[in-house]
J.: 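What follows is a single structure, and I will ask about it in a moment.
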Amino acid sequence: MDVLATRAVTRRYGATLAVDAVSTCFESGRLHAVIGENGAGKSTLLKLACGLVAPDAGSVAIDGQPLSPHTPRAAIARGIGMVQQHFALVEAMTVLENVMLGAEPLRGGLLDEAEARRRLAEVTRELGVTLDPAARVRELGIGDRQRLEIARVVYKGARVVVLDEPTAVLVPREADALYEMLARLVAAGRTVIVVTHKLDEVVAHAQTVRVMRHGQLVLSRDVDHDDAERELRALAAAVMGEDAPAQPAAPPRACGTVVLDLDDVRLGRALRGLTLKVHAGEIVGVAGVEGNGQRELTRLIAGLEHADSGRVDVAAASVVHEDRHQEGLVLDAPVADNLVLGEHAALSRFGVLDASALRATAHARLTLGAVEPGDPSLLARGLSGGNQQKVVVARALARTGDRAKLLVAAHPTRGVDIGAARLIHERIRAAASRGVGVLVISSDLHELRALSDRIAVMVRGRIAQQVDPGATNERLGELMLGEEGAA
Amino acid sequence: MKREHEAEALSVVTGLAAGWLAFAVIVWLHGESPREMAGLLVGGTWGTAYGAGQVIFKATPILFCGIAVHIGLRAGLFNIGAEGQMTIASLVIAAVGASLGASTPALLAVPLMLGCAAIAGALWAAVPALLRAKLGAHEVISTIMTNRIADALVGVALGLGLAEKGTVRSADIAKGARLPRLEAFLPSLRGSAANTSVFVALVVLLLATVLWPRSRAGREQWLVGLNPVACAAEKISVPRRLAEALIVSGAVAGLASAATVMGYKGYYEGGLGAGAGFTGLAVALLGRGRTSGLILAALLFGTLDQGGLALNAHIPRESMQVVQAVVIVAVALGDARVRAFMARMPRPAAAAKAQP
């Protein structure tokens with residue numbers, strides 16, 4: 001039985017055909033994966049299916065009946081709910097208030113909190129998670145926020161739960177827990193659709209896979225669980241449209257002057273005696289469960305926060321911030337302005353912008369960063385998540401060298417596809433070989449191991465230990481959780 | 001992009017439709033025919049050269065203030081203080097103009113007066129601007145308060161000697177400091193108070209909509225208005241850009257006094273030009289930051305102002321203020337910027353709950 005189907009849906013963004021006449025149907029009671037590179041159209045396809053984006057042509061059918069009107073409200077009323085890549089939670093409100101938002105049960109015109117609490121308990125039981133209804137969202141970690149988003153969608157009666165890049169923000173252990181939860185949803189008769197970049201997840205957990213490339217559906221079949229290695233290679237080839245080239249080995253680097261020197265730095269409750277050094281030409285990885293002070297570390301180096309105590313010695317730094325929608329981009333401004341954000345002064349004469357210089361700089365950075373589409377006049381909002389990330393990284397990389405001796409990259413490849421991630425890694429290595437000191441903060445251990453000369457494990461606002469990048473996942477995982485277990 | 005434009009157009013059309021509906025209902029309640037009254041309204045404004053001139057005269061200070069508010073809105077600021085900035089500038093140039101020698105040439109006096117008006121408006125706006133930059137005080141609150149202070153200062157200044165003995169108006173400004181009426185060039189406008197300050201307004205409009213977005217300061221103000229966090233992260237000084245935007249906005253609001261003191265009366269009296277600053281808010285929202293949009297919006301409100309006089313024999317002219325208010329509310333509700341602004345305002349209930 002097909003619970004959700006698209007019929008030749010098409011959607012354009014400017015000159016780009018994001019989704020090109022895609023017809024597919026999702027059978028109920030299974031876990032489906034949709035994969036593809038950035039800008040391949042996979043997020044747009046699912047947004048179309050959930051009523052978040054209206055199609056230019058074609059239609060969406062739920063249980064065989066067309067979705068009309070084409071709105072998220074109509075879709076959720078018919079049991080289709082989406083968990084977006086960027087969570088839409090109200091920080092100041094409690095878990096229960098967030099779940100009730102927009103679907104408040106009433107009794108005699110008043111909010112019936114008891115009823116809401118009872119229904120939330122039912123949902124969390126099905127999901128097999130614990131969520132304190134009275135906890136405020138701002139106190140929750142990223143994993144709990146995601147569980148809350150999923151609980152909210154199920155609470156509103158979603159029979160089909162769509163998740164956009166759910167594991168992009170999670171450490172491996174949390175990702176496994178997420179898929180366990182999704183499996184319980186499927187066991188309870190619901191349908192789950194996951195949009196992801198991570199092929200190993202697809203092979204390990206999904207029952208069907210669909211591959212998008214350039215807006216078209218190029219592959220749609222059941223996942224072959226017999227030979228995981230062969231299946232991985234087959235999917236990678238389908239995603240890239242070619243055989244994946246081998247990852248180049250990282251050349252050894254010499255260490256130079258110190259470009260970042262933090263000594264016993266304290267900042268609120270986030271940083272508690274952090275000591276860390278980065279030398280010119282060196283790449284230092286910071287591993288850790290999110291919410292252990294990484295965000296504050298980035299903001300401290302960027303000059304957005306000031307330490308309460310301790311020594312902070314920072315060379316001029318170029319920073320890729322953790323949240324591209326908040327600190328990274330001005331979404332409603334053109335890509336060109338975003339690429340030169342903060343450099344408008346250097347691109348002006350007598351206070352008037354030099355439009356041609358601005359365009360030329362933007363163009364050069366677009367090309368260097370392989371941003372698609374390469375049109376600097378588009379609004380940043382119109383780009384796919386991965387391409388937005390490429391814009392932020394391209395800007396930061398362009399500033400390294402003479403102006404910035406230190407590059408801080410928080411999750412530099414979050415939400416970015418394999419090909420583009422490889423390109424970003426290459427550029428970061430190239431910057432280091434030019435003598436730039438690099439601090440990479442990531443929840444992707446694979447990325448840290450591929451880039452770093454050494455890995456500093458961050459736990460509760462301190463560097464717990466520094467290890468060789470050859471350390472195993474298990475060893476790093478232990479260290480990342482170590483002090484939490486002891487406390 | 002396209003969808004946004006459609007939404008914009010829709011909110012403007014809704015606003016105008018709501019205005020027409022309000023007009024029809026008011027007229028009908030007075031026992032008159034809406035169609036007939038609409039005819040009278042158009043006839044009394046655009047039907048004659050004099051009427052058209054009066055519309056332009058009424059629209060000029062409104063246009064200045066609309067541009068002023070627009071400059072603030074680009075940076076995400078609501079300059080409610082255009083009214084007060086205009087008032088202070090009026091007082092200042094009334095004093096400056098009266099102290100100029102009778103034989104001062106226009107070539108010297110007019111630029112001097114315009115400069116003083118802009119500086120006075122900018123300085124008055126600098127108070128809320130600095131409060132915002134240094135202390136984070138919200139400009140909506142502080143500009144409303146500076147409006148009240150400006151109002152009070154009018155009485156003080158007139159009482160302290162700005163007013164001529166035994167009157168409530170200032171002395172006449174020098175002849176060279178006056179902006180000539182349009183009837184001097186177009187005899188058919190005879191009797192209308194339309195004056196050459198409208199050309200100053202149009203020049204300022206072009207500077208604001210064409211040149212300003214291409215300037216470094218103007219572009220950065222716009223980016224700050226869209227996402228201050230991202231701008232701060234890339235070392236753009238957000239408080240400074242916000243303060244600048246409010247000050248430039250105040251300078252343009254100050255220039256509105258050119259339309260009243262220099263173009264119309266030739267002196268200042270309490271209440272001269274009052275209301276233009278608030279109508280300017282509506283013009284900026286309705287005009288959507290476009291050159292043509294701001295002109296059309298100013299003309300619309302000018303027409304309603306003047307049209308109220310034309311209908312006064314049948315229905316009270318205040319009815320037109322009701323129509324204006326309905327247009328403002330309808331347009332504002334459809335405006336994404338206003339909605340975003342209201343969403344940022346703390347709700348009393350949520351704020352109370354947030355207390356531990």
Side-chain angles (χ1 to χ4, degrees), chain A residues 12-14 53-54 56 90-94 97 136 138 298-299 302-304 316-334 336-355 358 377-382 392 395-396 399 403, chain B residues 1-8 73-76 206-208 210-241 244 248 288-289 335-337 339-340 343-356:
Chain A
R12 283 174 183 286
Y13 285 113
V53 168
D56 294 325
V90 184
E91 300 247 327
M93 301 207 319
T94 65
E97 286 165 336
R136 294 212 180 269
R138 82 162 84 79
T298 314
R299 289 174 60 86
L304 291 173
S318 175
V319 181
V320 175
H321 284 276
E322 184 175 308
D323 186 335
R324 61 176 171 252
H325 282 184
Q326 273 225 319
E327 286 126 345
L329 293 169
V330 181
L331 286 171
D332 290 309
D337 285 289
N338 276 291
L339 282 165
V340 302
L341 196 62
E343 292 172 71
H344 285 91
L347 294 165
S348 316
R349 264 179 304 190
F350 309 112
V352 179
L353 287 172
D354 183 342
L358 196 153
S377 65
L378 285 180
L379 296 189
R381 192 182 284 288
V392 175
R395 178 177 70 209
R399 288 177 188 172
R403 267 173 297 172
Chain B
M1 275 291 266
K2 200 178 127 216
R3 267 158 241 272
E4 274 166 40
H5 288 178
E6 280 170 11
E8 264 189 10
L73 273 181
R74 290 179 77 249
L206 286 178
L207 288 176
V210 179
L211 184 68
W212 192 234
R214 294 192 165 84
S215 75
R216 178 205 167 194
R219 184 75 67 102
E220 286 194 350
Q221 282 171 15
W222 178 61
L223 293 167
V224 164
L226 290 173
N227 185 352
V229 179
C231 290
E234 296 304 326
K235 307 265 189 278
I236 294 173
S237 171
V238 173
R240 192 176 146 194
R241 286 292 171 222
E244 280 174 10
V248 173
R288 304 273 154 183
D335 192 300
R337 292 169 298 188
R339 283 204 306 268
R344 281 202 305 273
M345 293 291 265
R347 297 284 151 83
K353 268 191 178 177
Q355 301 293 327

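Numbers restart at 1 for each chain; the letters A, B, ... are given by sequence-line order, proteins then strands.
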J.: For B:Leu223, is it the side chain, the backbone, both or neither that has a heavy atom under 4.5 Å from a heavy atom of chain A?
T.: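 Contact with chain A: backbone and side chain both.
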
J.: Where do A:Gly328 and B:Ala230 come nearest, in terms of heavy atoms and distance?
T.: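 In terms of heavy atoms, the two residues are closest at C-CB, 4.1 Å.
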
J.: Rounded to the nearest 0.5 Å, how far apart are CG of A:Leu358 and CZ of B:Arg219?
T.: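 So the CG of A:Leu358 and the CZ of B:Arg219 are separated by 6.0 Å.
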
J.: Between A:Gly303, A:Ala333, A:Ala345, who has the most heavy-atom pairs with chain B when the cutoff is under 4.5 Å?
T.: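 Most pairs with chain B among the choices: A:Ala345.
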
J.: Please answer whether the main-chain N or O of A:Leu341 pairs with a side-chain N or O of B:Lys235 as donor and acceptor at a distance below 3.5 Å.
T.: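 Between the backbone of A:Leu341 and the side chain of B:Lys235 there is no qualifying donor-acceptor contact (under 3.5 Å).
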
J.: Which heavy atom of A:Asp337 sits nearest a heavy atom of B:Trp222, and at what distance?
T.: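 Where A:Asp337 meets B:Trp222 most closely, the heavy atoms are OD2-CZ3, 4.3 Å.
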
J.: Can you tell me which of B:Pro213, B:Ala233, B:Cys231 forms the most heavy-atom pairs within a distance under 4.5 Å of chain A?
T.: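 Heavy-atom pair counts peak at B:Ala233.
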
J.: With a 4.5 angstrom heavy-atom cut-off, could you sort out which part of B:Trp212 is near chain A: side chain, backbone, both or neither?
T.: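 For B:Trp212, neither part sits under 4.5 Å from chain A.
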
J.: Is the number of heavy atoms from other residues, nucleotides or ligands under 6.0 Å of B:Arg216 CZ greater than 12?
T.: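 Yes, because the 6.0 Å sphere around CZ of B:Arg216 holds more than 12 heavy atoms from other groups.
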
J.: Side chain, backbone, both or neither: which part of A:Val330 has a non-hydrogen atom closer than 4.5 Å to chain B?
T.: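 Contact with chain B is through both the backbone and side chain of A:Val330.
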
J.: Let me confirm one number: the CG-CD distance from B:Asn227 to A:Glu327, rounded to the nearest 0.5 Å.
T.: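 Answer rounded to 0.5 Å: 9.0 Å.
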
J.: Between A:Leu304, A:Thr94, A:Leu353, which has the largest tally of heavy atom pairs under 4.5 Å with chain B?
T.: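 Heavy-atom pairs under 4.5 Å are most numerous for A:Leu353.
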
J.: For each of A:His321, A:Glu343, A:Arg395, A:Met93, tally heavy-atom pairs with chain B at distances under 4.5 Å, and name the one with the top tally.
T.: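 The answer is A:Arg395.
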
